[in-house]
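Heads up: the structure comes next, in structure tokens.
The structure displayed is predicted, hence computed values, not measured ones. Numbering of residues begins at 1 and proceeds along the displayed sequence.
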Amino acid sequence: TVHSAAMAAEFVDYYDLLACAPDSTLAEIKQAYHEKLREFHPDKRPNSQEGRGKKITAQLNEAWEVLKDERRREDYDRQWLKARPPAFDAAFPSVPRRAAPRT
């Protein structure tokens, strides 16, 4: 549907953003978050074009807020499973994934 396509276009893959796997532990996600935050923080990139550092930092903060909370992460994982491209599994068969949460 058009609504589903619009949602998929707006969907941000937090795992990709943090460069971690969907089955990463909370400690691994936290480490990835801090590494990316140091890399893109606006104070580290004062001359970034069009506030790119601020935008990425905001997305990183959003990713951390969702993924650090078990319930929010389960909800996100359901969305992630629906939003990722169908070719993802074929192109990356060795990428580990968390089991889909039971509903």
Side-chain angles (χ1 to χ4, degrees):
T1 66
V2 174
H3 180 67
S4 296
M7 272 183 50
E10 296 172 12
F11 184 80
V12 176
D13 187 337
Y14 295 150
Y15 297 114
D16 185 52
L17 180 67
L18 294 169
C20 62
D23 68 344
S24 296
T25 65
L26 183 59
E28 292 168 332
I29 291 172
K30 184 177 183 177
Q31 180 179 356
Y33 165 71
H34 285 289
E35 288 173 4
K36 290 291 184 180
L37 201 57
R38 281 191 295 274
E39 181 180 346
F40 289 102
H41 196 279
D43 291 345
K44 299 279 186 187
R45 296 171 167 252
N47 299 324
S48 71
Q49 295 178 344
E50 299 171 10
R52 183 171 179 261
K54 285 183 183 179
K55 291 176 188 174
I56 293 174
T57 298
Q59 284 186 323
L60 291 169
N61 288 332
E62 181 180 313
W64 173 241
E65 288 301 314
V66 169
L67 298 178
K68 74 177 182 180
D69 180 278
E70 187 175 336
R71 181 164 293 172
R72 290 178 72 190
R73 184 174 178 183
E74 287 176 0
D75 290 342
Y76 175 81
D77 284 348
R78 281 189 209 93
Q79 294 173 17
W80 182 83
L81 287 168
K82 291 177 186 176
R84 73 173 190 247
F88 181 90
D89 290 324
F92 303 101
S94 64
V95 174
R97 289 168 195 78
R98 288 169 35 122
R102 293 184 182 167
T103 55

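For Leu18 against Ala32, the heavy-atom pair with the smallest separation is O-CB, 3.3 Å. Taking all atoms of both residues into account, the shortest heavy-atom contact from Arg73 to Ser24 is NH2-O, 2.9 Å.
Between the CH2 atom in Trp80 and the CG atom in Asp16 there is a gap of 10.0 Å [rounded to 0.5 Å]. With rounding to the nearest 0.5 Å, the separation of CG in Asp77 from CD in Gln79 is 9.5 Å. Here the CZ-NE2 distance, from Arg38 to His34, works out to 8.0 Å after rounding to the nearest 0.5 Å.
Between the side chain of Glu28 and the backbone N or O of Thr25 there is at least one donor-acceptor pair closer than 3.5 Å.
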Tabulate below the donor-acceptor pairs under 3.5 Å that side-chain atoms of residues 56-69 make, not counting sequence neighbours, or state none.
unit_1	atom_1	unit_2	atom_2	d
Thr57	OG1	Phe40	O	3.3
Thr57	OG1	Gly53	O	2.7
Asn61	OD1	Tyr33	OH	2.6
Asn61	ND2	Thr57	O	3.3
Glu62	OE2	Tyr14	OH	2.3
Glu65	OE2	Lys68	NZ	3.3
Asp69	OD1	Arg71	N	3.2
Asp69	OD1	Arg72	N	2.8

Show your reasoning for whether side-chain contact (heavy atoms from CB on, under 4.5 Å) applies to Glu35 and Glu39.
-> CA-CA 6 Å; Glu35 288 173 4; Glu39 181 180 346; over 6 Å; no
